[in-house]
2 protein chains.
Amino acid sequence: MDLAEQGLLLEQQLCFDVYAASRAINKAYRPLLEALSLTYPQYLVMLVLWEHEAQTVKQLGEQLQLDSGTLSPLLKRLESAGFLQRQRRASDEREVEIQLTEAGRALRQQASNVPASIFQAIGLSAAEYLQLKHLLRQVMTSVEANYPD
Amino acid sequence: MDLAEQGLLLEQQLCFDVYAASRAINKAYRPLLEALSLTYPQYLVMLVLWEHEAQTVKQLGEQLQLDSGTLSPLLKRLESAGFLQRQRRASDEREVEIQLTEAGRALRQQASNVPASIFQAIGLSAAEYLQLKHLLRQVMTSVEANYPD
DNA sequence: AGCAATTATATTGCACGCAATATAATTTGT
DNA sequence: ACAAATTATATTGCGTGCAATATAATTGCT
């Protein structure tokens, strides 16, 4: 087996591990979030909104690295679930401002135990947790430099 | 802000980073794999098949952690692209054996430069690469222990 | 042998992701 | 002021992922 062929084995490892870990984590969130009637991407949107209530679609997209093709239908689902409202901004009719409803705000309390459950399931020490986070950020920075948006 | 609320900020970090890194890596693969007419999950299937030609759907699913709901349509697409063939096994008609075609085998040469390109884009040293891989495997092991299939 | 589990795959339905396109509002350049 | 470029969002189309269900083949039990 030559070097190129080895690469076709070796490389499967890191990229596949990131891909598989992402799906494994999603699987851990699923039963916890099901109780809140949220999917994981919906939960991420709620996290951002709990932190800072009024956001445009664009601002949400920048923080989550998602475009309107993903966010528009997702936000419509959260709206019809009663967790938020969408309205065009008077100052700039192109922008859509997302506002939490009372039900959306109330959900935050029900979600308060989720982070600890997940941290426990992930089973890393605080140091490993930070190290992993740091390495992943390095990967993202580098990949985005090589393949900009 | 109490502890529970802090969790709703802090936790966004690692899980979101895994999620975002997975999508960033996918974005890096996209232009490289487009030249081979493959998506990233399809490329993963081809990697497994290049390594060991004859596999059942179940065996592929075990290695990639994907079920037939994902694999069946994906394999059909790879078949209609001419890269593999699917046939029921005579010895057990429940099983479907996947066989590479000549075109599927030939694709391996065209893919031989992909791993190096991706490794370069990821921009980690060999040591960091292995460390990240190790941490991700720990996460998967732990998550799967807490949320078994 | 015969019937009840079990197993392997396929199908359906739903929610992402994301490229490509469309549309409407605003900004820019002259 | 006004046409061209830019910006923000929405829509369409396609390929995953995955739960739930269906179907057909095999195995196990008695």
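In what follows, chains carry the letters A, B, and so on, assigned in the order in which the sequence lines appear, proteins first and then strands, with residues in each chain numbered from 1.
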Sidechain-backbone polar pair: Gln65(A) side chain, Ala20(B) backbone, donor-acceptor under 3.5 Å: no

Value in whole Å for how far the C1' atom of dT16(D) lies from CG of Leu38(B): 14 Å

Rounded distance (Å) that lies between atom P of dC16(C) and atom CG of Asn26(A): 10 Å

Arg30(B) vs dC18(C): side-chain N/O to OP1/OP2 distance below 4.0 Å: no

d(CG, Asp67(A); C1', dT7(D)) in whole Å: 15 Å

Donor-acceptor contact present, side-chain Asn113(A) to main-chain Ala116(A), <3.5 Å: no

N/O (side chain, Gln42(B)) to phosphate O (OP1/OP2, dT16(D)) under 4.0 Å: yes

Any donor-acceptor N/O pair, Thr101(B) side chain to Phe83(B) backbone, under 3.5 Å: yes

Rounded interatomic separation in angstrom, taking CD from Glu34(B) and P from dG15(D): 12 Å

Sugar-phosphate, base or nothing in reach of Arg77(B), heavy atoms under 4.0 Å: base

N/O donor-acceptor pair under 3.5 Å between Arg86(B) side chain and Leu75(B) backbone: no

Distances for protein N/O vs nucleotides 3-5 of chain C N/O pairs under 3.5 angstrom?
none

Distance in angstrom units between Arg89(B) CZ and dT26(D) P, rounded: 13 Å

Backbone of Ser68(B) reached by a side-chain donor or acceptor of Ser72(B) within 3.5 Å: yes

Show the distances under 3.5 angstrom between N or O atoms of the protein and N or O atoms of nucleotides 8-12 of chain D.
residue : atom : partner  : partner atom : Å
dA8(D)  : OP2  : Lys58(A) : NZ           : 3.2
dT9(D)  : OP1  : Val57(A) : N            : 3.4
dT9(D)  : OP1  : Val96(A) : N            : 2.8
dT9(D)  : OP1  : Val96(A) : O            : 3.4
dT9(D)  : OP2  : Lys58(A) : N            : 2.6
dA10(D) : OP1  : Arg86(A) : NH2          : 2.8
dA10(D) : OP2  : Ser72(A) : OG           : 2.6
dA10(D) : N7   : Ser68(A) : OG           : 2.7
dT11(D) : OP2  : Lys76(A) : NZ           : 2.9

Protein-nucleotide distance (Tyr19(A), atom OH; dG17(C), atom P), rounded to Å: 12 Å

Backbone of Leu100(A) reached by a side-chain donor or acceptor of Arg105(A) within 3.5 Å: yes

Below 4.0 Å: OP1/OP2 of dT16(D) and any side-chain N or O of Thr39(B): yes

Salt bridge flag under 4.0 Å for residues Glu34(A) and Arg30(A): no

Geometric class of the Tyr19(A)/Tyr40(B) ring pair [parallel <30°, tilted 30-60°, perpendicular >60°]: perpendicular

Gap between atoms CD and C1', on Glu62(A) and dT7(D) respectively (whole Å): 12 Å

Atom-pair distance (CG on Leu33(A); C1' on dA15(C)), nearest Å: 14 Å

Side-chain donor-acceptor contact under 3.5 Å, Glu97(A) with Gln99(A): yes

